[in-house]
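Here is the structure we will look at.
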Amino acid sequence: MQIPSFSAFRLPLNLGILFLLMGHGAAELGAQDRPNIVFFFSDDLTTQAISAYRYGLDLPPTPNIDRLANEGMLFENSFCGNSICTPSRCTVMTGLHSHKNGIVNLSGALDPERPTWPKALQQGGYSTAIFGKWHMKTKPTGFDEWAVLSGQESYYNPDFFFSNGEGRRIEGHSTDVVTDLALDWLRRRDKSMPFALMVQHKAPHRNWKPSLRELALYSDIEFPEPPSLFDDYESRIAAASHKMGIDGHMRMASDLMMFSTEKDMGVINRFTPEQRKAYVAAFDTENAAFLKNPPTGKELVRWKYQRYMKNYLRCVAGVDRNVGRVLAELDKAGLSRNTIVVYSADQGFYLGEHGWFDKRWAYEESLKMPLIIRWPGKVKPGTRCAAMVQNIDYAPTLLEAAGLSTNWDVHGISLLPLLMQGGATPKGWRDTIYYRYMDGGHGVAQHSAIRTNDFKLLYFDRPRNEAEQNSRWELFDLRNDPQELSNLAADRVHAQKLKSLKDRFASTRKFYDDTNENVWQRGPGKRYASETYIRPPRKR
Ligand code: CA
(Lines give C-alpha, C1' and ligand atoms only; values in the text may rest on other atoms or scores of the structure.)
Protein backbone atom coordinates (compact mmCIF):
# COMPACT_ATOMS: atom_id res chain seq x y z
CA MET A 1 0.00 0.00 0.00
CA GLN A 2 1.41 3.36 -1.01
CA ILE A 3 0.87 5.49 2.06
CA PRO A 4 3.52 7.71 3.54
CA SER A 5 4.42 7.59 7.20
CA PHE A 6 2.65 10.05 9.50
CA SER A 7 5.69 12.30 9.60
CA ALA A 8 5.56 12.56 5.81
CA PHE A 9 2.06 14.09 5.92
CA ARG A 10 3.47 17.55 5.69
CA LEU A 11 5.83 16.86 2.81
CA PRO A 12 3.37 17.32 -0.06
CA LEU A 13 1.96 20.38 1.69
CA ASN A 14 5.34 22.03 2.01
CA LEU A 15 6.23 21.22 -1.58
CA GLY A 16 2.87 22.65 -2.60
CA ILE A 17 3.53 25.93 -0.82
CA LEU A 18 6.94 26.16 -2.45
CA PHE A 19 5.27 25.62 -5.81
CA LEU A 20 2.70 28.31 -5.07
CA LEU A 21 5.26 30.82 -3.89
CA MET A 22 7.35 30.18 -6.99
CA GLY A 23 4.28 30.67 -9.14
CA HIS A 24 3.34 33.98 -7.56
CA GLY A 25 6.73 35.27 -6.60
CA ALA A 26 6.75 35.20 -2.80
CA ALA A 27 7.35 38.92 -2.46
CA GLU A 28 4.25 39.69 -4.48
CA LEU A 29 1.89 37.87 -2.16
CA GLY A 30 0.46 41.06 -0.66
CA ALA A 31 -2.93 41.28 1.01
CA GLN A 32 -4.64 42.41 -2.19
CA ASP A 33 -3.26 39.46 -4.19
CA ARG A 34 -4.34 36.77 -1.82
CA PRO A 35 -7.55 35.14 -2.96
CA ASN A 36 -10.81 35.64 -1.14
CA ILE A 37 -12.73 32.50 -0.24
CA VAL A 38 -16.46 31.91 -0.40
CA PHE A 39 -17.32 28.54 1.12
CA PHE A 40 -20.84 27.25 0.45
CA PHE A 41 -21.83 24.37 2.68
CA SER A 42 -25.24 22.72 2.61
CA ASP A 43 -26.66 20.09 4.92
CA ASP A 44 -27.36 16.66 3.41
CA LEU A 45 -27.26 17.95 -0.19
CA THR A 46 -26.21 14.82 -2.04
CA THR A 47 -24.31 14.53 -5.33
CA GLN A 48 -27.25 12.74 -7.01
CA ALA A 49 -29.21 16.00 -6.72
CA ILE A 50 -26.57 18.12 -8.50
CA SER A 51 -26.91 18.02 -12.26
CA ALA A 52 -23.19 18.71 -12.80
CA TYR A 53 -22.47 15.29 -11.29
CA ARG A 54 -24.26 13.75 -14.29
CA TYR A 55 -25.45 10.46 -12.84
CA GLY A 56 -27.78 10.07 -15.75
CA LEU A 57 -30.83 10.44 -13.51
CA ASP A 58 -33.63 12.54 -14.89
CA LEU A 59 -33.60 15.01 -12.01
CA PRO A 60 -33.98 18.80 -12.22
CA PRO A 61 -30.98 21.00 -13.10
CA THR A 62 -29.00 22.99 -10.53
CA PRO A 63 -27.79 25.78 -12.85
CA ASN A 64 -25.89 27.89 -10.31
CA ILE A 65 -23.97 25.03 -8.71
CA ASP A 66 -23.36 23.75 -12.24
CA ARG A 67 -21.96 27.16 -13.16
CA LEU A 68 -19.24 26.63 -10.55
CA ALA A 69 -18.43 23.25 -12.11
CA ASN A 70 -18.40 24.75 -15.61
CA GLU A 71 -16.03 27.48 -14.47
CA GLY A 72 -13.97 25.33 -12.09
CA MET A 73 -13.21 21.76 -11.06
CA LEU A 74 -15.65 19.08 -9.95
CA PHE A 75 -14.32 16.28 -7.74
CA GLU A 76 -15.99 13.06 -8.80
CA ASN A 77 -14.61 10.99 -5.93
CA SER A 78 -14.99 13.23 -2.90
CA PHE A 79 -15.83 11.49 0.38
CA CYS A 80 -16.50 12.14 4.04
CA GLY A 81 -14.86 10.17 6.85
CA ASN A 82 -17.96 9.89 9.06
CA SER A 83 -21.28 10.45 7.34
CA ILE A 84 -23.17 12.62 9.76
CA CYS A 85 -23.54 16.36 10.38
CA THR A 86 -21.50 17.35 13.44
CA PRO A 87 -18.55 14.98 12.92
CA SER A 88 -18.19 15.85 9.22
CA ARG A 89 -18.29 19.58 10.00
CA CYS A 90 -15.55 19.18 12.60
CA THR A 91 -13.39 17.29 10.10
CA VAL A 92 -13.88 20.05 7.52
CA MET A 93 -12.77 22.66 10.05
CA THR A 94 -9.77 20.77 11.47
CA GLY A 95 -8.42 18.52 8.70
CA LEU A 96 -8.61 15.59 11.08
CA HIS A 97 -10.70 12.44 11.17
CA SER A 98 -13.22 12.12 14.03
CA HIS A 99 -11.05 10.10 16.40
CA LYS A 100 -8.47 12.91 16.51
CA ASN A 101 -10.67 16.03 16.35
CA GLY A 102 -12.80 15.56 19.45
CA ILE A 103 -16.18 14.98 17.75
CA VAL A 104 -17.06 11.35 17.08
CA ASN A 105 -20.86 11.58 17.11
CA LEU A 106 -23.78 14.03 17.14
CA SER A 107 -23.27 14.76 20.84
CA GLY A 108 -19.82 16.27 20.34
CA ALA A 109 -18.95 19.96 20.60
CA LEU A 110 -16.06 21.76 18.92
CA ASP A 111 -13.26 22.66 21.32
CA PRO A 112 -13.10 26.50 21.05
CA GLU A 113 -9.30 26.31 21.45
CA ARG A 114 -8.80 23.88 18.59
CA PRO A 115 -7.00 25.19 15.49
CA THR A 116 -9.17 25.43 12.38
CA TRP A 117 -8.65 26.82 8.89
CA PRO A 118 -10.84 29.92 9.43
CA LYS A 119 -8.90 30.66 12.63
CA ALA A 120 -5.59 30.32 10.79
CA LEU A 121 -6.89 32.63 8.04
CA GLN A 122 -7.98 35.20 10.60
CA GLN A 123 -4.57 35.04 12.27
CA GLY A 124 -2.99 35.31 8.81
CA GLY A 125 -4.69 38.60 7.94
CA TYR A 126 -8.07 37.54 6.56
CA SER A 127 -11.41 38.99 7.48
CA THR A 128 -13.60 35.98 8.34
CA ALA A 129 -17.32 35.38 8.80
CA ILE A 130 -19.82 32.53 8.96
CA PHE A 131 -23.59 32.59 8.53
CA GLY A 132 -26.08 29.76 8.86
CA LYS A 133 -25.91 26.23 10.17
CA TRP A 134 -22.98 25.53 12.48
CA HIS A 135 -24.10 22.52 14.54
CA MET A 136 -21.00 22.23 16.71
CA LYS A 137 -22.61 23.66 19.88
CA THR A 138 -19.83 25.94 21.10
CA LYS A 139 -19.70 29.53 19.81
CA PRO A 140 -17.71 29.82 16.58
CA THR A 141 -14.15 31.04 17.13
CA GLY A 142 -11.82 32.37 14.44
CA PHE A 143 -14.47 34.61 12.91
CA ASP A 144 -14.72 38.40 12.96
CA GLU A 145 -18.46 38.07 12.75
CA TRP A 146 -20.99 35.27 12.81
CA ALA A 147 -24.68 34.56 12.96
CA VAL A 148 -25.54 30.90 13.33
CA LEU A 149 -28.63 28.82 13.87
CA SER A 150 -28.84 27.77 17.49
CA GLY A 151 -28.91 24.08 16.58
CA GLN A 152 -30.88 22.29 13.90
CA GLU A 153 -33.51 25.07 13.96
CA SER A 154 -36.61 25.67 11.91
CA TYR A 155 -36.77 26.12 8.13
CA TYR A 156 -39.19 29.01 8.61
CA ASN A 157 -38.51 32.09 10.75
CA PRO A 158 -35.36 30.61 12.30
CA ASP A 159 -33.68 31.77 15.51
CA PHE A 160 -30.16 33.10 15.01
CA PHE A 161 -27.46 33.66 17.57
CA PHE A 162 -25.08 36.51 16.77
CA SER A 163 -21.42 37.16 17.58
CA ASN A 164 -22.43 40.38 19.40
CA GLY A 165 -24.40 38.32 21.90
CA GLU A 166 -27.78 39.09 20.38
CA GLY A 167 -30.37 36.39 19.75
CA ARG A 168 -33.06 37.06 17.22
CA ARG A 169 -35.77 35.33 15.21
CA ILE A 170 -35.70 36.40 11.56
CA GLU A 171 -38.81 36.05 9.44
CA GLY A 172 -38.38 34.20 6.18
CA HIS A 173 -37.05 30.90 4.86
CA SER A 174 -33.73 29.78 6.34
CA THR A 175 -31.93 29.49 2.97
CA ASP A 176 -32.95 33.02 1.94
CA VAL A 177 -32.20 34.53 5.35
CA VAL A 178 -28.73 32.94 5.58
CA THR A 179 -27.92 34.41 2.16
CA ASP A 180 -29.28 37.84 3.17
CA LEU A 181 -26.98 37.86 6.21
CA ALA A 182 -23.98 36.76 4.13
CA LEU A 183 -24.59 39.36 1.41
CA ASP A 184 -25.03 42.10 4.00
CA TRP A 185 -21.64 41.24 5.53
CA LEU A 186 -20.00 40.95 2.12
CA ARG A 187 -21.07 44.51 1.26
CA ARG A 188 -19.93 46.10 4.52
CA ARG A 189 -16.82 44.00 5.29
CA ASP A 190 -13.37 45.52 5.91
CA LYS A 191 -12.23 45.92 2.31
CA SER A 192 -8.57 46.44 3.22
CA MET A 193 -8.20 42.70 3.78
CA PRO A 194 -8.89 39.52 1.83
CA PHE A 195 -11.94 37.70 3.17
CA ALA A 196 -13.24 34.22 3.86
CA LEU A 197 -17.01 33.90 4.00
CA MET A 198 -18.80 30.67 4.94
CA VAL A 199 -22.41 30.43 3.77
CA GLN A 200 -23.91 27.37 5.44
CA HIS A 201 -27.44 26.27 4.70
CA LYS A 202 -29.74 24.15 6.81
CA ALA A 203 -31.39 22.92 3.62
CA PRO A 204 -32.05 20.28 2.45
CA HIS A 205 -31.93 18.56 5.88
CA ARG A 206 -34.97 16.63 7.13
CA ASN A 207 -37.83 17.69 7.57
CA TRP A 208 -37.83 19.05 4.09
CA LYS A 209 -39.71 22.34 3.98
CA PRO A 210 -39.11 24.31 0.79
CA SER A 211 -39.46 28.07 0.58
CA LEU A 212 -42.68 29.53 -0.81
CA ARG A 213 -40.67 30.48 -3.93
CA GLU A 214 -40.02 26.81 -4.73
CA LEU A 215 -43.22 25.28 -3.35
CA ALA A 216 -44.96 24.85 -6.70
CA LEU A 217 -41.97 23.32 -8.52
CA TYR A 218 -42.25 19.78 -9.92
CA SER A 219 -45.96 19.49 -9.09
CA ASP A 220 -46.69 17.65 -12.33
CA ILE A 221 -43.45 15.66 -12.47
CA GLU A 222 -43.11 12.00 -11.60
CA PHE A 223 -39.53 11.30 -10.61
CA PRO A 224 -37.83 8.07 -11.71
CA GLU A 225 -37.50 5.46 -8.97
CA PRO A 226 -34.05 4.11 -8.11
CA PRO A 227 -33.70 0.41 -9.00
CA SER A 228 -33.06 -0.48 -5.33
CA LEU A 229 -36.15 1.29 -3.91
CA PHE A 230 -37.45 -2.11 -2.81
CA ASP A 231 -34.07 -3.56 -1.79
CA ASP A 232 -34.36 -6.90 0.05
CA TYR A 233 -30.87 -6.49 1.65
CA GLU A 234 -29.94 -10.02 0.67
CA SER A 235 -26.28 -10.67 1.64
CA ARG A 236 -26.23 -7.45 3.78
CA ILE A 237 -27.37 -8.45 7.25
CA ALA A 238 -26.70 -5.17 9.09
CA ALA A 239 -28.39 -3.07 6.40
CA ALA A 240 -31.63 -4.99 6.91
CA SER A 241 -32.00 -3.68 10.48
CA HIS A 242 -32.03 0.01 9.49
CA LYS A 243 -34.62 2.50 10.73
CA MET A 244 -34.34 4.97 7.87
CA GLY A 245 -36.74 3.53 5.33
CA ILE A 246 -39.13 5.55 3.23
CA ASP A 247 -41.53 2.67 3.88
CA GLY A 248 -41.43 2.38 7.65
CA HIS A 249 -39.72 5.42 9.08
CA MET A 250 -40.85 8.49 7.20
CA ARG A 251 -43.47 10.46 9.12
CA MET A 252 -46.59 11.39 7.20
CA ALA A 253 -47.13 14.82 8.80
CA SER A 254 -43.71 16.18 9.78
CA ASP A 255 -41.77 14.66 6.86
CA LEU A 256 -44.39 14.64 4.14
CA MET A 257 -46.91 17.37 4.95
CA MET A 258 -49.83 14.97 4.98
CA PHE A 259 -52.15 16.97 7.19
CA SER A 260 -55.02 14.65 8.06
CA THR A 261 -55.86 16.10 11.51
CA GLU A 262 -55.62 19.53 13.13
CA LYS A 263 -52.85 18.12 15.36
CA ASP A 264 -50.74 17.41 12.26
CA MET A 265 -50.65 21.14 11.60
CA GLY A 266 -48.37 21.46 14.63
CA VAL A 267 -45.43 20.68 12.34
CA ILE A 268 -45.81 24.12 10.78
CA ASN A 269 -46.47 26.02 14.01
CA ARG A 270 -43.46 28.29 13.56
CA PHE A 271 -45.00 29.62 10.34
CA THR A 272 -46.72 33.01 10.03
CA PRO A 273 -50.43 32.86 9.11
CA GLU A 274 -49.53 33.74 5.49
CA GLN A 275 -46.89 31.00 5.31
CA ARG A 276 -49.30 28.46 6.82
CA LYS A 277 -51.97 29.40 4.33
CA ALA A 278 -49.59 28.96 1.40
CA TYR A 279 -48.42 25.58 2.72
CA VAL A 280 -51.89 24.22 3.28
CA ALA A 281 -52.95 25.42 -0.18
CA ALA A 282 -49.91 23.85 -1.85
CA PHE A 283 -50.66 20.36 -0.54
CA ASP A 284 -54.44 20.52 -0.12
CA THR A 285 -55.61 18.97 -3.39
CA GLU A 286 -53.10 16.12 -3.33
CA ASN A 287 -53.75 15.44 0.36
CA ALA A 288 -57.49 15.31 -0.20
CA ALA A 289 -57.02 12.81 -3.04
CA PHE A 290 -54.75 10.69 -0.82
CA LEU A 291 -57.22 10.66 2.08
CA LYS A 292 -60.12 9.80 -0.20
CA ASN A 293 -58.38 6.73 -1.53
CA PRO A 294 -55.27 5.96 0.57
CA PRO A 295 -52.65 3.87 -1.23
CA THR A 296 -51.18 0.87 0.60
CA GLY A 297 -48.16 -1.42 0.32
CA LYS A 298 -45.74 -0.62 -2.49
CA GLU A 299 -48.07 2.06 -3.83
CA LEU A 300 -47.82 3.90 -0.52
CA VAL A 301 -44.00 3.70 -0.66
CA ARG A 302 -44.13 5.10 -4.19
CA TRP A 303 -46.41 7.93 -3.08
CA LYS A 304 -44.10 8.79 -0.17
CA TYR A 305 -41.04 8.60 -2.41
CA GLN A 306 -42.55 11.07 -4.88
CA ARG A 307 -43.52 13.57 -2.20
CA TYR A 308 -40.14 13.20 -0.48
CA MET A 309 -38.28 13.81 -3.74
CA LYS A 310 -40.38 16.85 -4.61
CA ASN A 311 -39.80 18.54 -1.27
CA TYR A 312 -36.13 17.56 -1.03
CA LEU A 313 -35.43 18.81 -4.56
CA ARG A 314 -37.46 21.99 -3.95
CA CYS A 315 -35.14 22.65 -0.99
CA VAL A 316 -32.16 21.96 -3.27
CA ALA A 317 -33.56 24.41 -5.84
CA GLY A 318 -33.70 27.03 -3.08
CA VAL A 319 -30.05 26.41 -2.21
CA ASP A 320 -29.11 26.63 -5.88
CA ARG A 321 -31.04 29.89 -6.36
CA ASN A 322 -29.28 31.36 -3.33
CA VAL A 323 -25.84 30.22 -4.54
CA GLY A 324 -26.74 32.21 -7.67
CA ARG A 325 -27.52 35.30 -5.58
CA VAL A 326 -24.03 35.24 -4.03
CA LEU A 327 -22.31 34.55 -7.37
CA ALA A 328 -24.18 37.51 -8.90
CA GLU A 329 -22.99 39.74 -6.05
CA LEU A 330 -19.38 38.60 -6.57
CA ASP A 331 -19.74 39.42 -10.28
CA LYS A 332 -21.32 42.79 -9.57
CA ALA A 333 -18.64 43.76 -7.04
CA GLY A 334 -15.81 42.67 -9.36
CA LEU A 335 -14.76 40.01 -6.86
CA SER A 336 -15.23 36.83 -8.93
CA ARG A 337 -11.79 36.97 -10.52
CA ASN A 338 -9.87 36.81 -7.24
CA THR A 339 -12.24 34.67 -5.20
CA ILE A 340 -12.04 30.93 -4.68
CA VAL A 341 -15.57 29.58 -4.49
CA VAL A 342 -16.06 26.18 -2.89
CA TYR A 343 -19.34 24.32 -3.00
CA SER A 344 -19.75 21.34 -0.66
CA ALA A 345 -22.09 19.64 1.81
CA ASP A 346 -21.43 17.68 4.99
CA GLN A 347 -22.23 14.27 3.48
CA GLY A 348 -24.36 12.58 0.88
CA PHE A 349 -27.90 11.27 1.31
CA TYR A 350 -30.17 8.52 0.03
CA LEU A 351 -32.77 9.53 -2.50
CA GLY A 352 -34.62 6.23 -2.23
CA GLU A 353 -31.62 4.00 -2.97
CA HIS A 354 -31.91 0.84 -0.80
CA GLY A 355 -35.37 2.18 0.12
CA TRP A 356 -33.77 4.85 2.30
CA PHE A 357 -33.61 8.48 3.18
CA ASP A 358 -30.88 9.70 5.60
CA LYS A 359 -27.12 9.01 5.54
CA ARG A 360 -24.62 7.36 7.99
CA TRP A 361 -23.63 4.33 5.89
CA ALA A 362 -20.31 3.95 4.10
CA TYR A 363 -22.23 3.02 0.94
CA GLU A 364 -21.59 5.38 -1.95
CA GLU A 365 -24.62 7.69 -1.82
CA SER A 366 -23.91 8.89 1.72
CA LEU A 367 -20.12 8.41 1.63
CA LYS A 368 -19.79 10.94 -1.19
CA MET A 369 -19.62 14.67 -0.54
CA PRO A 370 -20.14 17.15 -3.35
CA LEU A 371 -17.00 19.20 -3.93
CA ILE A 372 -16.65 21.84 -6.61
CA ILE A 373 -13.94 24.52 -6.59
CA ARG A 374 -13.80 27.57 -8.85
CA TRP A 375 -10.62 29.62 -8.89
CA PRO A 376 -10.35 31.82 -11.99
CA GLY A 377 -6.90 31.95 -13.55
CA LYS A 378 -5.71 28.97 -11.51
CA VAL A 379 -8.18 26.16 -12.13
CA LYS A 380 -9.00 25.31 -15.72
CA PRO A 381 -12.75 25.78 -16.32
CA GLY A 382 -14.89 22.68 -16.74
CA THR A 383 -12.38 20.18 -15.40
CA ARG A 384 -13.24 17.03 -13.50
CA CYS A 385 -10.94 15.27 -11.07
CA ALA A 386 -11.18 11.53 -10.45
CA ALA A 387 -8.63 11.32 -7.62
CA MET A 388 -10.03 10.27 -4.24
CA VAL A 389 -10.28 13.26 -1.93
CA GLN A 390 -11.79 13.58 1.53
CA ASN A 391 -13.07 16.22 3.94
CA ILE A 392 -9.75 15.97 5.82
CA ASP A 393 -8.23 17.77 2.80
CA TYR A 394 -10.22 21.03 2.99
CA ALA A 395 -8.17 22.74 5.73
CA PRO A 396 -4.72 22.22 4.16
CA THR A 397 -6.08 23.12 0.70
CA LEU A 398 -7.70 26.42 1.66
CA LEU A 399 -4.78 27.51 3.81
CA GLU A 400 -2.24 26.70 1.12
CA ALA A 401 -4.32 28.61 -1.44
CA ALA A 402 -4.13 31.62 0.89
CA GLY A 403 -0.33 31.32 1.13
CA LEU A 404 -0.59 29.93 4.67
CA SER A 405 -0.21 26.49 6.16
CA THR A 406 -1.71 24.27 8.82
CA ASN A 407 0.44 24.87 11.88
CA TRP A 408 -0.99 21.73 13.47
CA ASP A 409 -0.88 18.06 12.44
CA VAL A 410 -3.63 17.19 9.99
CA HIS A 411 -4.68 13.97 8.29
CA GLY A 412 -5.52 15.71 5.02
CA ILE A 413 -3.43 16.60 1.99
CA SER A 414 -3.67 19.86 0.08
CA LEU A 415 -5.60 19.52 -3.18
CA LEU A 416 -3.62 22.31 -4.83
CA PRO A 417 -1.58 19.92 -7.00
CA LEU A 418 -4.87 18.50 -8.33
CA LEU A 419 -6.38 21.94 -8.85
CA MET A 420 -3.30 23.30 -10.62
CA GLN A 421 -2.74 20.30 -12.88
CA GLY A 422 -6.15 20.12 -14.54
CA GLY A 423 -7.41 17.36 -12.27
CA ALA A 424 -4.75 14.81 -13.17
CA THR A 425 -3.99 12.48 -10.26
CA PRO A 426 -0.44 13.16 -9.04
CA LYS A 427 1.91 10.20 -8.73
CA GLY A 428 1.77 8.70 -5.24
CA TRP A 429 -1.69 10.17 -4.47
CA ARG A 430 -3.65 8.21 -1.85
CA ASP A 431 -5.10 4.90 -3.05
CA THR A 432 -7.36 4.33 -0.02
CA ILE A 433 -9.75 6.39 2.04
CA TYR A 434 -10.74 5.67 5.62
CA TYR A 435 -14.19 5.79 7.17
CA ARG A 436 -15.69 5.20 10.61
CA TYR A 437 -19.23 5.79 11.85
CA MET A 438 -20.10 5.17 15.49
CA ASP A 439 -23.14 7.38 16.20
CA GLY A 440 -25.56 4.49 16.08
CA GLY A 441 -28.77 6.40 15.27
CA HIS A 442 -31.49 5.21 12.84
CA GLY A 443 -30.61 1.58 13.55
CA VAL A 444 -27.39 1.90 11.57
CA ALA A 445 -24.78 -0.53 12.89
CA GLN A 446 -21.50 1.01 13.97
CA HIS A 447 -19.03 0.33 11.21
CA SER A 448 -15.78 1.25 9.55
CA ALA A 449 -14.69 1.03 5.93
CA ILE A 450 -11.97 1.56 3.43
CA ARG A 451 -12.60 2.43 -0.18
CA THR A 452 -10.11 2.04 -3.00
CA ASN A 453 -10.69 3.10 -6.61
CA ASP A 454 -12.37 -0.24 -7.36
CA PHE A 455 -13.42 -1.92 -4.12
CA LYS A 456 -14.97 -1.19 -0.75
CA LEU A 457 -14.59 -3.14 2.46
CA LEU A 458 -16.91 -2.58 5.44
CA TYR A 459 -16.25 -3.86 8.95
CA PHE A 460 -18.97 -3.89 11.61
CA ASP A 461 -17.08 -2.88 14.73
CA ARG A 462 -19.73 -3.75 17.28
CA PRO A 463 -22.12 -6.44 16.05
CA ARG A 464 -25.47 -6.25 17.83
CA ASN A 465 -26.55 -9.84 17.40
CA GLU A 466 -25.32 -13.24 16.29
CA ALA A 467 -26.21 -12.68 12.65
CA GLU A 468 -24.09 -9.51 12.52
CA GLN A 469 -21.32 -11.26 14.45
CA ASN A 470 -21.21 -13.90 11.71
CA SER A 471 -21.19 -11.30 8.95
CA ARG A 472 -18.80 -8.62 10.12
CA TRP A 473 -17.28 -7.93 6.70
CA GLU A 474 -18.82 -6.66 3.49
CA LEU A 475 -16.90 -6.52 0.22
CA PHE A 476 -18.18 -4.70 -2.87
CA ASP A 477 -16.82 -4.57 -6.40
CA LEU A 478 -17.59 -0.94 -7.25
CA ARG A 479 -16.93 -1.32 -10.99
CA ASN A 480 -19.27 -4.25 -11.50
CA ASP A 481 -21.75 -3.54 -8.71
CA PRO A 482 -21.95 0.25 -8.32
CA GLN A 483 -25.21 -0.03 -6.39
CA GLU A 484 -23.46 -2.22 -3.78
CA LEU A 485 -26.15 -4.88 -3.71
CA SER A 486 -23.91 -7.93 -3.70
CA ASN A 487 -21.69 -8.53 -0.67
CA LEU A 488 -18.76 -10.64 -1.91
CA ALA A 489 -17.17 -11.28 1.49
CA ALA A 490 -18.28 -14.92 1.42
CA ASP A 491 -17.55 -15.38 -2.28
CA ARG A 492 -14.69 -17.85 -2.79
CA VAL A 493 -13.61 -16.21 -6.05
CA HIS A 494 -12.87 -13.04 -4.08
CA ALA A 495 -11.13 -14.70 -1.12
CA GLN A 496 -7.70 -13.35 -2.07
CA LYS A 497 -9.10 -9.85 -2.65
CA LEU A 498 -10.83 -9.98 0.74
CA LYS A 499 -7.61 -10.99 2.45
CA SER A 500 -5.56 -8.23 0.85
CA LEU A 501 -8.20 -5.61 1.65
CA LYS A 502 -8.43 -6.79 5.27
CA ASP A 503 -4.68 -6.22 5.49
CA ARG A 504 -5.09 -2.81 3.94
CA PHE A 505 -7.92 -2.00 6.37
CA ALA A 506 -5.64 -2.83 9.30
CA SER A 507 -2.75 -0.78 7.92
CA THR A 508 -5.02 2.18 7.16
CA ARG A 509 -6.51 2.12 10.66
CA LYS A 510 -2.96 2.07 12.01
CA PHE A 511 -1.81 4.80 9.61
CA TYR A 512 -4.48 7.18 10.93
CA ASP A 513 -3.68 6.00 14.45
CA ASP A 514 -7.30 5.02 15.11
CA THR A 515 -6.34 2.48 17.74
CA ASN A 516 -7.74 3.99 20.94
CA GLU A 517 -11.25 2.55 21.24
CA ASN A 518 -11.99 4.78 24.24
CA VAL A 519 -12.44 7.85 22.03
CA TRP A 520 -15.30 6.08 20.26
CA GLN A 521 -17.32 5.36 23.39
CA ARG A 522 -20.81 6.74 23.09
CA GLY A 523 -21.60 9.67 25.33
CA PRO A 524 -21.72 13.45 25.41
CA GLY A 525 -18.03 13.86 24.71
CA LYS A 526 -15.81 16.44 26.36
CA ARG A 527 -17.51 19.45 27.98
CA TYR A 528 -16.10 22.97 27.75
CA ALA A 529 -16.68 26.07 29.88
CA SER A 530 -20.40 26.88 29.96
CA GLU A 531 -19.96 30.41 28.55
CA THR A 532 -18.45 28.95 25.38
CA TYR A 533 -21.76 27.30 24.40
CA ILE A 534 -24.37 28.85 22.15
CA ARG A 535 -27.51 29.46 24.17
CA PRO A 536 -30.81 29.52 22.34
CA PRO A 537 -31.85 33.15 22.00
CA ARG A 538 -34.80 34.60 23.85
CA LYS A 539 -38.03 34.20 21.96
CA ARG A 540 -39.75 37.25 20.58
CA1 CA B 1 -25.76 16.65 7.40
Side-chain angles (χ1 to χ4, degrees), residues 39-50 53 62 65 78-94 97-98 101 103-110 130-137 140 148-155 158 174-175 178 198-210 242-244 249-250 254-255 308 311-313 315-316 318-320 322-323 342-353 356-372 390-392 394 435-444 525 534:
F39 186 86
F40 289 111
F41 207 59
S42 311
D43 199 343
D44 297 359
L45 205 158
T46 192
T47 53
Q48 304 98 291
I50 297 173
Y53 270 87
T62 46
I65 298 173
S78 157
F79 306 102
C80 60
N82 186 352
S83 182
I84 191 158
C85 305
T86 308
S88 178
R89 285 157 194 269
C90 191
T91 294
V92 164
M93 298 297 280
T94 62
H97 279 304
S98 301
N101 69 25
I103 296 186
V104 296
N105 58 31
L106 279 178
S107 305
L110 180 61
I130 181 168
F131 299 97
K133 182 164 172 188
W134 170 247
H135 212 190
M136 288 183 282
K137 300 178 187 69
V148 294
L149 301 171
S150 61
Q152 189 59 254
E153 256 306 307
S154 170
Y155 266 111
S174 145
T175 311
V178 166
M198 300 177 80
V199 189
Q200 308 217 145
H201 294 299
K202 168 190 171 63
H205 193 283
R206 189 190 193 189
N207 316 57
W208 312 277
K209 299 211 169 16
H242 72 85
K243 293 191 176 80
M244 50 188 266
H249 307 98
M250 219 171 228
S254 61
D255 287 332
Y308 161 48
N311 287 326
Y312 179 95
L313 292 170
C315 289
V316 171
V319 170
D320 186 75
N322 277 282
V323 166
V342 180
Y343 178 81
S344 184
D346 54 357
Q347 20 44 229
F349 211 71
Y350 295 93
L351 299 183
E353 299 89 354
W356 292 337
F357 62 96
D358 213 70
K359 54 246 181 182
R360 301 163 195 270
W361 295 99
Y363 304 127
E364 289 292 269
E365 290 83 359
S366 53
L367 181 66
K368 285 197 168 178
M369 282 171 83
L371 179 63
I372 299 168
Q390 230 176 341
N391 50 355
I392 50 176
Y394 291 27
Y435 181 87
R436 193 164 188 184
Y437 165 84
M438 299 291 275
D439 189 75
H442 276 275
V444 175
I534 295 169

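For the numbers below, each heavy atom of this structure counts, side chains included, while hydrogens, waters and symmetry mates do not. First listed ligand is number 1; within each ligand, the first listed atom is number 1. As the structure is a prediction and not an experimental result, all values here were calculated from the model.
- Side-chain atoms of Thr175 and Asn322 form no donor-acceptor pair, as typed in the model, at a separation below 3.5 Å.
- Note that Lys202 lies in the cation-pi zone of Tyr155, set by a 6.0 Å cut-off to the ring centre and a 45° limit from the axis.
- Of the charged side-chain nitrogens involved, none lies within less than 4.0 Å of a carboxylate oxygen, so that Lys359 and Asp439 do not count as a salt-bridged pair.
- Of all heavy-atom pairs between Ser344 and Leu371, the closest is CB-CD1, 4.3 Å.
- Residues satisfying the side-chain hydrogen bond (donor to acceptor under 3.5 Å, both in side chains) criterion with Thr62, sequence neighbours excluded, are Ser51, Asp66.
- Neither side chain, Thr91 nor Tyr394, offers a donor N or O lying under 3.5 Å from an acceptor on the other.
- Shown here are the protein N/O/S atoms lying under 3.0 Å from the Ca ion (ligand 1), water excluded: Asp43 OD1, Asp44 OD1, Cys85 SG, Asp346 OD1, Asp346 OD2, Gln347 OE1.
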